[in-house]
Amino acid sequence: MFSSLSASSVRRRGVVRLAAVTLVSGIVSGGLLAAAGAAVADGTPQSEGGATATLGALKTFGTAVVHDDGKDEQVAAGLFEMSVDNGGTLQTYCIDIHNPAQKDARYHETSWSGTSLNGNRNAGKIRWILGNSYPQVNDLAALAAEAGAKGLTEQDAAAGTQVAIWRYSDGADVDAVDPQAEKLADYLEKHARNLPEPAASLTLDPPAVSGRPGEPLGPVTVHTNADSVSVTPPSAAAAAGVKVVDKDGKPLTSATDGSRLYFQVPKKAQDGAADLTVQASTTVPVGRAFASDTRSQTQILAGSSESTVSATATGTWAAKGAIPALSAERNCAKSGVDITAVNKGDEPFTFELMGTEHTIPAGQTRTVTVPLQEDQAYDFTITGPGGEQKWFKGVLDCKTESSTGDLRTQTLSDPSPATVGGTGATDTNLAETGGTSATPFIAGTAIALVVIGGAALVLIRKKTPAQD
C-alpha cells in the first residue's frame, strides 16, 4: 500500500509522526487515531490506488467446519458484498479465516505483497479457483456437472468455493457441511493451478515526484485496465499556476494506460507541493486483494460491477537544497512498512527514524523499513510546504493467524448474515466469515489500542548531515 508523503524545502521543516499501536483487549486509546485524522486536510489516508470500498454483509453462504487443535468449529463460508466509493459493488471471499471481519470496515485494493498472500506459493491457485467457480461461473448446472456435485445451489457453490480458497490461503483443515459443496471444494482444490497476480485496476507510478520549479516533475505513469482516466489537478495548485501536462507540455484532462504525466510548475513558484488525481470507471480484476485500515480480515475479489477507481500522486518542488519525494508501502516480506525517499535536490536529505539518523545524498534514493509486529496498527502524518499534510495508516496483517494464536471463529448455530457476534459464553468468534463476538465493542471504539512507544519520526534537514 502506497502513501505519497511530501516534505518541505531546505528553509522549512517537515515532520512525520508515527503512532505505533498494538491491539490489546479492553484498553482503548481511540483519541490517538482521531487526532491524527483531524490534522489531515482531506481526512483520507493515502493508498496505492484502485478501488476503495466498505464491507457489507455476508450475502451468499453456507456452513463449513474448521478442524483446529482437536476442535471442530462451524463457520459461515461464502461471499461478502462491498460498496465501492462513488459507485460500484464488489463480491469477495475471505483469505484470512483466523481474523474477524468488521462490518462497515474500510478496504483498499492492494498488492499481494502487502497481505498474507506474500510468499504463499499457492496464491496463484486461489486466483484460478476464483476464475473457475462461482460467481464467475454462474451456470450452476455446468459447474455441478464438472465437479460431480448434483443439485448445486448458489449457497453450496459459494461455500464450496470459500472452503477451497481457505485450504490454500490459510492452509486450513476445513470441510463444507453440505456434501455437494464439499464435492465442489475438493474438485477446485484438486484442479487449481498457479496463475500470476492480476494487475491493479488503477495505479500511478511513482506515487511521489520532486524537482525544481520551472522543470517538469515526473514522469508519473498511469497503469490501468480502464479505457481512459480523467486527470484532475487540485484547484489550489491550478490557482498557483501548476498544471498537469504530457511530455510536450500540453495540459491533460484525460489519459490512458501507459500515459506519462508531469507537474508543470512556474519557474518563480514558491517552494511547495501539489497532488494530481486520476479517476476511471472499470471492473476491478478478479483476484485483487483488499486490505482494511483496521483489524478486519483480508478479502480477495471474486466479482466486480462497473466501479469507480482512483489514484493520487504528489509533486514537491523547491528552488534549492534537498528536495525529497516520499512514499510508503506495506512490506510483508520484511514485516514492516517501507519508507522510500528520492532526493532530487542539490543537498543531502537527513531524517531521524525511530532514533536512527538516515541520509539520502543528492540525486539518490534510500528505502528505510519501519519494523512492526503482526496485527500492529500504524499511523503516519507528514507536514509539508504551506502546512499541507498527508496521511498513511493501516494494520500490518501479514499472517493467517491472529496475534493470540487462537482460531478466531465462533460456533454457528443459526447462520445469518445479520448475526454478527455470539450470544453464549462458549462463543469464541465468527468468521462471518469473520464477525466476532467482540464486533460491537470493536466497531464502537474503532479498535482496542495501546501505545507501545511514544516514538515520533522527526523528518528534518540538517546543515551538516551524518551519513547513513
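Two residues are said to be in side-chain contact when any heavy atoms from C-beta on lie closer than 4.5 Å; N118 and W112 fail this criterion. In this structure the side chain of Q136 reaches within 4.5 angstrom of the side chain of V286, judged on heavy atoms. The closest side-chain heavy-atom distance from E374 to C398 is below 4.5 Å. Looking at heavy atoms from C-beta onward, V370 lies out of side-chain contact with Y378 at the 4.5 angstrom threshold. Using a 4.5 Å heavy-atom cutoff, the side chains of E109 and S201 are in contact. Considering only heavy atoms from C-beta on, V337 stays 4.5 Å or farther from N331 through its side chain. Considering only heavy atoms from C-beta on, Q299 comes within 4.5 Å of C94 through its side chain. The side-chain heavy atoms of V265 and L217, taken from C-beta on, include a pair separated by under 4.5 Å.
Interatomic distance, CG of L204 versus OG of S259, reported as 10.5 Å (0.5 Å rounding). Atom CZ of F263 sits about 11.0 Å away from atom OG of S210, to the nearest 0.5 Å. Atom-to-atom distance recorded for T314:OG1 and L326:CG is 10.0 Å, nearest 0.5 angstrom. Expressed to the nearest 0.5 Å, how far OG1 of T298 lies from CG of N99 amounts to 7.5 Å. Here the straight-line distance linking atom CD1 of I339 with atom OG1 of T369 works out to 9.0 Å at 0.5 Å rounding. The line from OH of Y262 to CG of D246 is 8.5 Å long, rounded to the nearest 0.5 Å.
For the 3.5 Å distance criterion, the side chains of D293 and H108 qualify, holding a donor opposite an acceptor.
Using a 4.0 Å cut-off between charged nitrogen and carboxylate oxygen, K267 and E215 do not count as a salt-bridge pair. Salt-bridge check for D170 with K399: failed, with every basic side-chain N at 4.0 Å or more from each acidic carboxylate O. The pair R295-D397 meets the salt-bridge criterion, since a charged nitrogen lies less than 4.0 angstrom from a carboxylate oxygen. With respect to the salt-bridge test (charged N to carboxylate O, under 4.0 angstrom), the residues R167 and E189 qualify.
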Worked check of side chain to side chain donor-acceptor pair (under 3.5 Å) between T340 and T367:
CA-CA 4 Å; T340 299; T367 298; 3.0 Å; yes

Side chain to side chain donor-acceptor pair (under 3.5 Å) between E48 and S111: does it pass, once the steps are laid out?
CA-CA 9 Å; E48 63 184 87; S111 302; 2.9 Å; yes

Verdict with supporting geometry, S292 and T294, side chain to side chain donor-acceptor pair (under 3.5 Å)
CA-CA 5 Å; S292 176; T294 58; 3.1 Å; yes

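For CZ of R260, the number of neighbouring non-hydrogen atoms (other residues, nucleotides, ligands) closer than 6.0 Å is 12 at most. Atom NZ of K125 has more than 12 heavy atoms from other residues, nucleotides or ligands within 6.0 Å.
Smallest separation of non-hydrogen atoms from Q376 and L372: NE2-CD2, 3.3 Å. A pairwise comparison of heavy atoms in S304 and V284 identifies OG-N, 3.1 Å as the closest pair.
A side-chain donor-acceptor contact under 3.5 Å links N194 to the backbone of R121. Without hydrogens or angle criteria, N343 side chain to I360 main chain gives a donor-acceptor distance under 3.5 Å. Between the side chain of N120 and the main chain of Y168, a donor-acceptor pair closer than 3.5 Å is present.
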